[in-house]
Each structure stands twice: as structure tokens, then as C-alpha cells.
Student: 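Have a look at the structure that comes next, please.
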Amino acid sequence: QVQLVESGGGLVQAGGSLRLSCAASGGHLSSYRMGWFRQAPGKEREFVAAINRSGSGTSYADSVKGRFTISRDNAKDTASLQMNILKPEDTAVYFCAASSAISGPWSSRYEYHYWGQGTQVTVSS
């Protein structure tokens, strides 16, 4: 069973950048589709971005398209989320997740079987 640990969250001013990382242990990330989700206080957990096993395909929520970039390094069992031009509405706890599903919607949190503990991202205005 794979364990996921996020890092890289913090406090940043609007317009700034952060890079989140997700490290895996107990399994190889190459076996999983990887996703990033976020949850703001009082809101549902929402999809941010996903990447397929090889890294050749990605998907983004409309709200982050053009600002965020998801990537992975299967040799290092890591996934990353580069976040640029951050906005106050990006403030949330960010989670990385791994899916062993072969098909199904990339944006559905129910498709993901393993989750990290989350890392807080706060964007000040």
C-alpha cells in the first residue's frame, strides 16, 4: 500500500508562486495515475490537476488552467504541482492522491484510492 506525503505549502502573496511535492513510499508511483485536490474551509474537496502514469497526459480544473502545472518523476516516485500567479481563492489544503483505476474520470475524487495528509497553502491579498 502506497503512502503519500505532501510538502511545499506555505504563505505567499497574491501573484506569487509555490511548488508542492508529493513523495511516495511503500509502492511505485508509476503504477498510479496521480492527482492534486484542494479543500477550502466549509467547501467540498475539489479537483485541481491530474497526470497519467507515463506523464504524457494531464488534466486541469478550469480555475487553474494556465497557472498550475502538474508533473511527475517516476524514477524518484514523486509528483509535483507548480503553482504560479496565485490568487487568494487558491487558499486551501492541498492533497495529492493516487489512483489505480485504468479508466474513469480523472477529476473524481472517488477514483483515487490513496491520499496524503495535505499541506496548507495560504495566499494573501
Side-chain angles (χ1 to χ4, degrees):
Q1 180 169 328
V2 65
Q3 289 87 44
L4 304 174
V5 178
E6 303 95 336
S7 61
L11 173 65
V12 64
Q13 288 189 330
S17 299
L18 280 175
R19 185 177 181 86
L20 304 183
S21 294
C22 176
S25 61
H28 293 297
L29 282 190
S30 57
S31 299
Y32 302 94
R33 179 199 310 155
M34 295 301 297
W36 286 93
F37 290 75
R38 66 187 181 186
Q39 188 166 18
K43 294 190 175 182
E44 299 251 335
R45 190 169 299 189
E46 65 174 4
F47 170 74
V48 175
I51 188 168
N52 66 2
R53 288 167 173 77
S54 67
S56 62
T58 58
S59 177
Y60 296 92
D62 288 343
S63 59
V64 307
K65 205 170 290 183
R67 300 187 297 122
F68 290 12
T69 303
I70 189 172
S71 61
R72 66 190 300 158
D73 186 336
N74 287 339
K76 296 182 179 179
D77 286 322
T78 59
S80 299
L81 185 69
Q82 177 67 42
M83 307 186 294
N84 298 328
I85 318 176
L86 282 160
K87 304 175 181 179
E89 50 264 44
D90 294 319
T91 295
V93 177
Y94 282 71
F95 300 88
C96 72
S99 172
S100 57
I102 301 300
S103 60
W106 290 22
S107 60
S108 171
R109 61 180 174 166
Y110 303 107
E111 294 286 318
Y112 293 81
H113 309 93
Y114 304 104
W115 292 83
Q117 82 289 348
T119 185
Q120 177 70 47
V121 171
T122 303
V123 184
S124 63
S125 57

Student: Kindly list each side-chain donor-acceptor pair under 3.5 angstrom involving residues 9-19, sequence neighbours excluded, with atom names and distances?
Tutor:
{"from": "Ser17", "atom 1": "OG", "to": "Asn84", "atom 2": "OD1", "distance (Å)": "2.9"}
{"from": "Arg19", "atom 1": "NH1", "to": "Gln82", "atom 2": "OE1", "distance (Å)": "3.2"}

Student: Can you give me the closest heavy-atom contact between Met34 and Ala98, atom names plus distance?
Tutor: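 In this case the closest contact between Met34 and Ala98 is SD-CB, 3.7 Å.
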Student: Transitively linked via ILVMFWY side-chain contacts under 4.5 Å: Val93 with Ile70?
Tutor: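 Each belongs to a different hydrophobic cluster.
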Student: Can you pull out every salt bridge (charged side-chain N to carboxylate O under 4.0 Å, His left out) where at least one residue sits in residues 50-63? Sequence neighbours excluded, please.
Tutor: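 Sorted result for residues 50-63: Asp62-Lys65.
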Student: I'd like to know if the side chain of Arg67 reaches the main chain of Ile85, judged simply by a donor and an acceptor atom lying under 3.5 Å from each other, with no hydrogens or angles considered.
Tutor: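 Flag set: sc Arg67 to bb Ile85 pair under 3.5 Å.
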Student: Would you find a donor on one side and an acceptor on the other, under 3.5 Å apart, between the side chain of Ser99 and the backbone of Glu111?
Tutor: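 Side chain of Ser99 to backbone of Glu111, a donor-acceptor pair under 3.5 Å: yes, one is there.
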Student: Sequence neighbours excluded and cut-off under 3.5 Å, please list the side-chain donor-acceptor pairs for residues 39-50, or say none.
Tutor:
{"from": "Gln39", "atom 1": "OE1", "to": "Arg45", "atom 2": "NE", "distance (Å)": "3.3"}
{"from": "Gln39", "atom 1": "OE1", "to": "Arg45", "atom 2": "NH2", "distance (Å)": "3.4"}
{"from": "Gln39", "atom 1": "NE2", "to": "Lys43", "atom 2": "O", "distance (Å)": "3.1"}
{"from": "Glu44", "atom 1": "OE1", "to": "Arg109", "atom 2": "NH2", "distance (Å)": "3.2"}
{"from": "Glu46", "atom 1": "OE2", "to": "Arg38", "atom 2": "NE", "distance (Å)": "2.6"}
{"from": "Glu46", "atom 1": "OE2", "to": "Arg38", "atom 2": "NH2", "distance (Å)": "3.2"}

Student: Which residue pairs pass the salt bridge (charged side-chain N to carboxylate O under 4.0 Å, His left out) test when at least one of the two sits in residues 6-16, sequence neighbours left out?
Tutor: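 Pairs touching residues 6-16 that pass the test: none.
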Student: Any ring pair (Phe, Tyr, Trp, His ring centres under 6.0 Å) pairs touching residues 94-125, not counting sequence neighbours?
Tutor: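 Every ring pair (Phe, Tyr, Trp, His ring centres under 6.0 Å) pair that includes a residue of residues 94-125, provided the two are not neighbours, is Tyr32-Tyr114, Phe37-Tyr112, Phe37-Trp115.
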Student: With sequence neighbours left out, what residues match Thr69 under side-chain hydrogen bond (donor to acceptor under 3.5 Å, both in side chains)?
Tutor: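 Residues passing side-chain hydrogen bond (donor to acceptor under 3.5 Å, both in side chains) with Thr69: none at all.
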Student: Enumerate the residue pairs fulfilling ring pair (Phe, Tyr, Trp, His ring centres under 6.0 Å) with a member in residues 68-91, sequence neighbours excluded, ordered by first and then second residue.
Tutor: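 Non-adjacent pairs meeting ring pair (Phe, Tyr, Trp, His ring centres under 6.0 Å): zero.
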Student: Identify the heavy atoms of Leu4 and Ala24 that sit nearest to each other, and give their distance.
Tutor: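 Smallest interatomic distance, heavy atoms only, reads CD2-CB, 3.9 Å.
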Student: Using the test side chain to side chain contact (heavy atoms under 4.5 Å, CB included), find all partners of Ser56 that sit at least two apart in sequence or belong to another chain.
Tutor: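 By the side chain to side chain contact (heavy atoms under 4.5 Å, CB included) rule, Ser56 matches Asn52, Ser54.
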Student: Would Gln120 and Thr91 count as a side chain to side chain contact (heavy atoms under 4.5 Å, CB included) if you check the C-alpha gap in whole Å, the side-chain angles of each, and the deciding distance to 0.1 Å?
Tutor: CA-CA 8 Å; Gln120 177 70 47; Thr91 295; 4.0 Å; yes
Student: Quick check: do Asp90 and Met83 have side-chain heavy atoms less than 4.5 Å from each other?
Tutor: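 With C-beta onward as the side chain, the pair stays apart.
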Student: Determine which pairs satisfy disulfide (SG to SG under 2.5 Å) with at least one residue from residues 30-125, sequence neighbours left out, and list them in order.
Tutor: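 For residues 30-125: Cys22-Cys96.
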Student: Minimum heavy-atom separation for Gln117 to Val5, with atom names?
Tutor: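 Distance-wise, the nearest heavy atoms are OE1-CA, 3.7 Å.
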Student: For residues Asn74 and Leu29, report the shortest heavy-atom separation together with the two atoms involved.
Tutor: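 For Asn74 and Leu29, the tightest heavy-atom pair comes out as OD1-C, 4.1 Å.
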Student: Calculate, to the nearest 0.5 Å, the distance between atoms NZ and OG belonging to Lys87 and Ser125 respectively.
Tutor: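 Reported value, rounded in 0.5 Å steps: 14.0 Å.
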